Protein chains: 2
Amino acid sequence: MAQTTGNGRAGGKGAQLRAYLLGLIDGELKPHEKLPTERELAESFGVTRLTVRRALDQLGYEGRVYRTQGAGTFVSEPRIAKSVELTSFTQDMRARGLVPGSLETQVEEIPAGAEIGARLALSPREHVAHLFRVRTADGEPMCIEHTYIPAKIAPGLAARAIEGSLYQLLTETYHLKVEKAEQSIHATVLDPPLAKLLGVPEFSPAFKVQRVAYDARNQRIEYAESVYRADRYSYDFIIYRTTRDTAN
Amino acid sequence: MAQTTGNGRAGGKGAQLRAYLLGLIDGELKPHEKLPTERELAESFGVTRLTVRRALDQLGYEGRVYRTQGAGTFVSEPRIAKSVELTSFTQDMRARGLVPGSLETQVEEIPAGAEIGARLALSPREHVAHLFRVRTADGEPMCIEHTYIPAKIAPGLAARAIEGSLYQLLTETYHLKVEKAEQSIHATVLDPPLAKLLGVPEFSPAFKVQRVAYDARNQRIEYAESVYRADRYSYDFIIYRTTRDTAN
DNA sequence: GCCGTCAAATGGTGTAGCCCAATTTTTTGA
DNA sequence: TCAAAAAATTGGGCTACACCATTTGACGGC
């Protein structure tokens, strides 16, 4: 059967509608201009209003549009900062218009040990692949990164040449898809060896980032510890008041 | 009629259901335990499955539960870190179990000037209320904060005694409710005067945070510039892969 | 025992339609 | 003329139902 189901594949009607709306948003419409009403979209796309609402709600949640009851849905101002998104270094740099790269990549397979084991919920004796990379943007050192991945979920990773996006490799080769990450960001200063690796003066300010990444099943996939030079990196994002929860 | 509308007020059925589910989550159920199925909840609460889904989706989005097609909905592990939420210093410290306070509060009304005016989209000549506060947690200096609020949306603010939560005051007195904020976080080191104010050694690491806050109508409410001591502060949050967008 | 197959359970997406709440626009009337 | 009232518009929330996609577990054959 060419068409297994009643809905037209290609990601479903919601996804098609979303694509169309995205086209409107950063194509024809300018910030604060009004999108078609839900009812109009529903009719012209031959879908239910609920489907339209889901697409618009999602865009609203992502900060692309804002919605006001009684008034309409409007295009948000161009995002000077992205909302907090889970991205790899590679994606992150590309989004900033820089060319990502790596220096001095080292890979080894080692026992997790106490700390890494705890982070990944492994026995200290279980093995992990340890990647050490100096990551670059437009050729300049940007970040020093230690990544640990349980050997049992990515066998043979340590023997593999890692180039480009680790996340892409994990997805394509091991079908491990990161869906969620806990991240902890600290401010620190660079001690001499790290400063040298990053090519900045000693005791320059820096971010230290620890991250535990999970897949959709809450299985821990990765623990990463990174140090970013602060002169070329900042965290820019949009935050929303989450839920009209209980008290203020 | 005792019940003006079809739905039973009190925040709507969805909100009631949400409250019940929250009770389950951090009450009776342990992490990774299974919640009732959508259909069960729908029946026992006398609501539609769609209503149940909205509540569960929301909880899933907040990281309280995770959902797997074909399997069920499960309680997430206790959140060691909150998802990124828009909070005031007051709320933030309370959430960390600390008692928030302020030292050396100063309030004045001044012309916005070039930089602040640009941040708040005001003419440089328009007036803003400027608050300077050394904010404390459990009595210890934690953060130095400059806050600027357009005088025209909060008249008389500069003459008022600010104590406790500015956001609460804005909501209750001026009906200004912050819904969204753009935030930019930098790592830096403390110059001697700031270090002294915070009671830490000179050139200690610190976060510099710039924030522009908006209400639901995209009106700019506040610009704040804060410096947090890094030895006692970190950003901990959970990030999700946003949308199954286009490419990886 | 072990592995495949198949059915049941469960979340994901969609249709069709109802009324409410907030906002905007139009009309009305002093 | 202009402000108050009414109507139309528009997003918010819900009901009731149908079918798809994925996962899980039980059953059977080997």
Side-chain angles (χ1 to χ4, degrees), chain A residues 1-19 21 32-61 65-75 175 177 179 215-219 243-244, chain B residues 1 3-18 21 32-61 65-75 175 177 179 215-219 243-244:
Chain A
M1 45 199 154
Q3 198 99 320
T4 47
T5 78
N7 53 5
R9 293 278 23 86
K13 300 192 178 179
Q16 290 177 294
L17 181 55
R18 174 190 167 81
L21 291 169
H32 303 291
E33 283 193 342
K34 191 168 165 299
L35 291 165
T37 70
E38 296 182 352
R39 290 172 174 86
E40 282 169 8
L41 286 168
E43 187 174 8
S44 64
F45 263 79
V47 299
T48 315
R49 219 186 112 206
L50 178 65
T51 303
V52 175
R53 294 197 96 255
R54 274 219 292 262
L56 287 173
D57 280 343
Q58 178 67 25
L59 290 170
Y61 168 63
V65 302
Y66 59 95
R67 324 191 66 197
T68 309
Q69 182 173 130
T73 302
F74 307 88
V75 177
H175 302 290
K177 201 156 195 177
E179 281 288 337
D215 67 7
R217 312 297 287 278
N218 260 35
Q219 179 185 219
T243 35
R244 34 287 182 189
Chain B
M1 46 194 156
Q3 199 99 320
T4 47
T5 77
N7 52 5
R9 294 279 23 86
K13 301 191 178 178
Q16 290 177 300
L17 181 56
R18 174 191 166 81
L21 291 170
H32 303 292
E33 283 192 343
K34 191 169 165 300
L35 291 164
T37 70
E38 296 182 353
R39 289 173 174 86
E40 281 169 10
L41 287 168
E43 188 175 6
S44 63
F45 264 77
V47 298
T48 316
R49 219 184 115 207
L50 177 63
T51 303
V52 175
R53 295 200 93 251
R54 273 221 294 262
L56 287 173
D57 279 343
Q58 180 66 25
L59 291 169
Y61 167 63
V65 302
Y66 59 94
R67 324 191 66 199
T68 311
Q69 181 173 136
T73 302
F74 307 87
V75 177
H175 302 290
K177 201 155 194 176
E179 281 288 337
D215 68 5
R217 312 298 287 278
N218 260 35
Q219 179 184 221
T243 34
R244 35 285 181 191

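Both backbone and side-chain heavy atoms feed into the values below; hydrogens, waters and symmetry mates do not. Everything numeric here is computed off the predicted structure, so don't read it as measured data. In what follows, every chain begins at residue 1, and chains take the letters A, B, ... in the order their sequences are listed.
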Atom-to-atom span, CZ of R67(B) to P of dT22(D) - whole angstrom: 16 Å
Side chains of E40(A) and V52(A) in contact at under 4.5 Å (non-hydrogen atoms): no
Spatial distance of atom CZ (R54(A)) from atom CZ (R49(A)) [nearest 0.5 Å]: 13.5 Å
5' precedence on DNA chain D between L50(A) and T68(A) (nearest-nucleotide basis): T68(A)
Rounded interatomic separation in angstrom, taking CG from L56(A) and P from dT10(D): 13 Å
Integer-rounded Å distance: dG11(D) P and L21(A) CG: 12 Å
Separation of dG17(C) C1' from E43(A) CD (nearest whole Å): 15 Å
Phosphate contact (dG14(C) OP1 or OP2) by R54(A) side-chain N/O below 4.0 Å: yes
T51(B) side-chain N/O to dG13(D) phosphate OP1/OP2 under 4.0 Å: no
Contact check, side chains of L21(A) and V65(A), non-hydrogen atoms, under 4.5 Å: no
Quiz item: R53(A) side-chain donor-acceptor pair to dG13(D) base, under 3.5 Å: no
Sugar-phosphate only, base, or nothing, as touched by G60(B) at under 4.0 Å among non-hydrogen atoms: nothing
Whole-Å distance separating the CZ atom of F45(B) from the P atom of dT15(D): 12 Å
A71(B), nearest nucleotide to its side chain (from dT23(D), dT15(C), dG13(D)): dT23(D)
Neighbour count above 12 (heavy atom, 6.0 Å) for E43(A) CD: no
Any donor-acceptor N/O pair under 3.5 Å between dG11(C) base and R39(B) side chain: yes
Pairwise side-chain contact, L59(A) with T73(A), heavy-atom cut-off 4.5 Å (strictly under): no
L41(A) CG - dT15(C) P separation (whole Å): 13 Å
N/O (side chain, T37(A)) to phosphate O (OP1/OP2, dT9(D)) under 4.0 Å: no
T73(B) side-chain N/O to dG11(C) phosphate OP1/OP2 under 4.0 Å: yes
For atom CZ of R49(A) and atom C1' of dT10(D), their distance in whole Å: 8 Å
Q69(A) CD - dG11(D) P separation (whole Å): 10 Å
